[in-house]
Amino acid sequence: MAVKVDKDVCIGCGACTGVCPTGAITLEADGKAGCAEDTCIDCLACEGTCPVGAISH
């Protein structure tokens, strides 16, 4: 399972990218966060860091 990013809520601040231990969360071409499902380990560090609640499990 990988986390889900709500692109309508994401503000592209990048806070989540700095806490992801596997680098699964990156800012994509649209400036919003995205999650690589094959790399995500479901640690939920990104979810707790997102200031607008755009990341969920």
Over all atoms of both residues, closest heavy-atom pair of [X] and [Y]:
X     : Y     : value
Val3  : Cys46 : CG2-SG, 3.9 Å
Ala2  : Cys40 : CA-SG, 3.7 Å
Cys16 : Ile55 : CB-CD1, 3.6 Å
Pro21 : Ile41 : CG-CD1, 4.2 Å
Ile11 : Pro51 : CD1-CG, 4.5 Å

N/O donor-acceptor pair under 3.5 Å between Lys7 side chain and Ala33 backbone: yes
Please confirm whether the backbone N or O of Thr39 pairs with a side-chain atom of Thr22, one donor and one acceptor, at under 3.5 Å? yes
When rounded to the nearest 0.5 Å, the distance separating CG of Leu44 from NE2 of His57 is 5.5 Å
When rounded to the nearest 0.5 Å, the distance separating CD of Glu47 from CD1 of Ile25 is 10.5 Å
